[in-house]
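Here the structure comes first, spelled out in structure tokens, and everything after it is commentary.
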Amino acid sequence: FMQRGLDSQTKKQLEEEEKKIISEEHWYLDVPDLKEKESYIIEERSFLRCEDLVYGRMSFKGFNPEIEKLMIRMNSKCKEEEIEEDDKMEADVSDEEMARRYETLVGTIGKKFLRKRDQRVLKDDDEDDEVEEGNSNTRPSKRAKKMFLKPQD
Amino acid sequence: GGAYWVDSQQKRYVPVKGDHVIGIVTAKAGDVFRLDVGGSEPASLSYLAFEGATKRNRPNVQVGDLIYGQFVVANKDMEPEMVCIDSSGKSSGMGIIGQDGFLFKVSLGLIRKLLAPKCEIIQELSQLYPFELVLGMNGRIWVKAKTVQQTLIIVNILEACEYMTAEQRKQALAKLSGN
């Protein structure tokens, strides 16, 4: 009555034995697994990337004006990179000057975006007291924040 | 930076993606042209791969025309495909090369030399007389000048540049400009 179960059990036993035998027979390396390193080698078949090749279509002495324009355009793309590098090297304006200019710049452009009332107010304040910069900044903003006045019936 | 390449001399061209080449139209097969680029297989070029081409507005390409285009697909498993339009949709010099002119074949090494920035040969030749030049990476050069004689002179110089030294070349050019 336990035949089928027995069969499955014996089958399992047989399988396990077979596996043991097979795995012992398998050759395996005694060396630790070699990790596959990410290859940093990219294969490129075109010479375009290697050398700085010029565009293949050319015209000289005004034979084909369209192609001459094209030459300038194509070759200027390469030169743009050189120009950028030059700018980084020489700074015409020193950093201090830049900082000073920027300070005043922010003020002048900030004024531009104030609403008209604030601008008028700012002008008055500037004329009255130039020393107290903090006050002049806060006063127009307070005045500007006028609450909505309900029309009296 | 960090690129290494092996520079070797060869005459046989192998299609490479992104290379600009001169092809000769050998057949029209429906919507696609077959171009001979000097490789192992003819390349295909769709008629829509030209600037401003639509299904109704087909480019006027005949068998035997010269086309300057670049490869879009070029590997050893597939037939190479070309287009005459760049990634932004503009032709930028590619397309049908006009009438007249002379097409000839040189080795690939010479082409690379000629395409180097500030190539002396090209600079010296440009001083001679006005002419137009198209260099294909497949070893083909197309030259057109005002007269047949001038064209042939340029062709001969370019072909001979392979084996002449710089001095010989300058001598030859000096003789010509003296004429």
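Sequence lines set the chain letters: A, B, ... in the order given, protein chains first and strands last, and positions in each chain run from 1.
Under a hydrophobic-cluster definition in which Ile, Leu, Val, Met, Phe, Trp and Tyr are linked whenever side-chain heavy atoms come within less than 4.5 Å, directly or via other members, F113(A) and Y102(A) are assigned to the same cluster. F71(B) is not connected to I85(B) by any chain of hydrophobic side-chain contacts under 4.5 Å among Ile, Leu, Val, Met, Phe, Trp and Tyr, and they are in different clusters. Residues V148(B) and L158(B) share a single hydrophobic cluster, defined by chaining ILVMFWY side chains whose heavy atoms lie under 4.5 Å apart. Hydrophobic clustering, with ILVMFWY side chains joined whenever heavy atoms are under 4.5 angstrom apart, groups M71(A) together with I154(B). Clustering ILVMFWY residues whenever any of their side-chain heavy atoms sit less than 4.5 angstrom apart, transitively, puts V72(B) in a cluster other than the one holding M94(B).
For Q123(B), the CD atom sits in a packed shell: over 12 heavy atoms of surrounding residues, nucleotides or ligands are nearer than 6.0 Å. Heavy atoms from other residues, nucleotides or ligands lying under 6.0 Å from NZ of K105(B) number more than 12.
The candidate with the highest count of non-hydrogen atom pairs below 4.5 Å against chain A, out of P130(B), C119(B), G136(B), is P130(B). Chain A forms the most heavy-atom pairs under 4.5 Å with one residue out of V16(B), L115(B), I97(B), and that residue is L115(B).
Proximity to chain A (any heavy atom under 4.5 Å) is restricted, for A145(B), to the backbone atoms N, CA, C and O. Contact annotation for F131(B): both backbone and side-chain heavy atoms come within less than 4.5 Å of a heavy atom of chain A. The part of Y129(B) that comes within reach of chain A is its backbone (N, CA, C, O), which places non-hydrogen atoms under 4.5 angstrom from that chain. Only the side chain of V14(B) comes within less than 4.5 Å of a heavy atom in chain A; its backbone stays farther off.
Interface residues of residues 55-65 of chain A toward chain B, defined by a heavy-atom distance below 4.5 Å and sorted by number: Y55(A), G56(A), R57(A), M58(A), S59(A), F60(A), K61(A), F63(A), N64(A).
Expressed to the nearest 0.5 Å, how far CG of L70(A) lies from OG of S91(B) amounts to 8.0 Å.
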